[in-house]
Amino acid sequence: MDFSELDLSPEVLQAISDAGYTNPTPIQQQAIPQVKRERDVLGCAQTGTGKTASFVLPMIDMLAAGRSRVRMPRSLILEPTRELATQVADSFERYGKYHRLSMALLIGGESFVDQERKLDRGVDVLIATPGRLLDLYGRGKIILSDAHILVIDEADRMLDMGFIPDVERIVGLLPKNRQTLFFSATMPAEIRRLADAFLTDPVEIAVAPPASPAATVEQSLAVVAPREKREALRRLIRREDVKNALIFCNRKRDVDILYKSLTRHGFDAAALHGDMPQHKRTETLERFKNGEVRLLVASDVAARGLDIKGMSHVFCFDVPVHAEDYVHRIGRTGRAGLAGRSFMLAAPEDGKAVAAIVKLIGKEIPLIAIDGIAPAELEYEERRRRLRTAKRGVVSHVADKGASSGRKNADETRRARPIRSPAGPQAPAQKPEDRGNVMPFPRASQTRRPRQPEREVEDDRKVVGFGDHLPAFLARAPRVAVRP
Ligand code: AMP
């Protein structure tokens with residue numbers, strides 16, 4: 001299919017051609033005609049599928065007619081993170097360059113004054129994160145009763161981050177006779193419930209995750225002891241021809257620790273995570289995009305959906321807790337048909353998480369050895385069970401066996417060897433690359449449970465005092481000294 005078959009204006013078609021796109025992606029083919037027909041859309045699609053353009057392109061044409069009024073945006077796009085909001089704003093600029101639409105980006109960490117000034121002039125498109133939008137609404141700076149197009153993007157991520165009450169409040173401020181476009185990478189029951197509440201007779205569109213990462217990303221996995229991970233990473237970076245790389249950690253504090261460690265070892269690195277002030281996040285990202293800094297250590301939330309051209313490498317310093325984050329992480333490289341390489345460092349206890357990833361991507365990840373680093377073995381058993389065994393006194397036997405098999409396998413792992421899930425060679429229901437791009441729309445019951453609130457926030461909660469741990473000496477009755 002060609003873009004010209006999608007009933008887009010010549011200006012938009014020209015901007016698409018300037019961007020170098022020739023054919024619409026599956027989500028664009030399906031969503032654009034429905035959006036133009038003013039239908040509500042429930043889209044099950046991830047970043048990387050071209051979903052941003054699937055709503056931005058038709059919106060540009062739809063908003064071309066009509067005028068914005070002071071403080072009354074004509075459309076609203078909600079994004080979970082500042083980076084995603086900024087990217088959507090960039091898309092509006094890129095595809096709307098032959099139109100005269102006005103746009104405001106309301107994201108935390110930026111000056112209220114500039115944002116208010118824009119709103120005062122009237123905007124056609126308002127792109128916002130929920131918190132900042134409600135802040136400005138509370139100050140009486142926005143009236144949402146004229147926003148007749150609403151886009152809720154990355155709804156499952158909003159759920160993860162605890163934004164759903166804010167989103168519900170915002171939706172309540174919009175007119176009932178609006179068009180709603182609702183996108184989510186997954187459809188757990190809670191997201192389904194929201195979709196039912198927000199959408200009227202929606203067209204349901206589901207596309208497969210972005211073409212399997214296998215196609216353009218050469219993936220590798222190294223299993224090493226936790227204390228060796230930093231050294232292993234340094235060796236990998238030195239041995240690879242890294243033009244620019246994202247390095248993912250699971251927790252914000254580890255982002256900082258790793259960034260400092262890399263810098264201390266003379267690497268050209270920067271850090272990006274959700275606790276940094278917005279101006280610092282924007283500046284860091286710019287420096288990385290411009291090639292001023294080569295390595296960006298980041299958390300999943302900060303780096304999700306980042307579209308950085310020609311990234312040569314992705315390193316997963318930690319195995320992601322949720323398998324689908326692996327796909328998001330490595331999908332930052334190998335974009336637009338360019339080759340990319342990814343490396344994941346796993347500790348032995350990450351066995352189950354690695355197996356879940358292998359199952360999800362439907363592909364074994366070749367295991368590599370790193371010169372100078374002793375390879376370890378993945379363990380699939382629950383840690384708790386191992387500890388229980390340890391208490392029964394069996395541990396030394398198990399440990400010895402593990403250690404010797406680890407040594408034996410050290411040589412074997414020098415040959416690239418695939419990782420299999422513990423149940424043997426996994427046979428996922430369907431490999432992503434076999435599925436084609438269009439999928440049956442998932443029912444809530446077929447999808448995973450909603451995640452716990454964003455672990456980035458959760459994990460970094462400060463422990464006060466002893467936390468949950470009561471030291472034994474405090475529980476003991478005080479000894480009374482008896483004098484002779
Ligand atoms: P998204 O899923 O919206 O994050 O888009 C992922 C990437 O695909 C972005 O770099 C877009 O610029 C790019 N893209 C969007 N539409 C197309 C298309 N029709 N052909 C090629 N690339 C596209």
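Order of appearance sets the numbers: ligands from 1, and atoms from 1 within every ligand. Note that the numbering runs from 1 along the sequence shown for the chain. Keep in mind that what you see is a predicted model, and the values were worked out from it rather than measured.
- Contact annotation: for R94 versus ligand 1, heavy atoms closer than 4.0 Å belong to the side chain alone.
- Of the options G50, S54, P26, S91, the smallest heavy-atom separation from atom 5 (O) of ligand 1 is shown by G50.
- Contact annotation for I16 and ligand 1: no heavy atom of the residue comes within less than 4.0 Å of the ligand.
- Close approach to T52 involves these atoms of ligand 1, each under 4.0 Å from a residue heavy atom: 1 (P), 3 (O), 4 (O).
- Considering backbone and side-chain N/O atoms, P24 never comes within less than 3.5 Å of an N/O atom of ligand 1.
- Those atoms of ligand 1 with a heavy atom of F3 less than 4.0 angstrom away are 19 (N).
- Neither the backbone nor the side chain of Q87 has a heavy atom within less than 4.0 Å of ligand 1.
- Among the atoms of N23, some N or O lies under 3.5 angstrom from an N or O of ligand 1.
- Annotation: cation-pi geometry not satisfied between R238 and F267 (NZ/CZ under 6.0 angstrom from ring centroid, within 45° of ring axis).
- Ring planes of F55 and F183: tilted class, angle from 30 to 60°.
- Side chains of H273 and D256: a donor-acceptor N/O pair is present below 3.5 angstrom, by distance only.
- Salt-bridge check for R169 with D166: failed, with every basic side-chain N at 4.0 Å or more from each acidic carboxylate O.
- Between the side chains of Q28 and Y21, not a single donor N or O lies within less than 3.5 Å of an accepting N or O.
- Annotation for D2: atom CG counts as buried by contact number, over 12 foreign heavy atoms lying within 6.0 Å.
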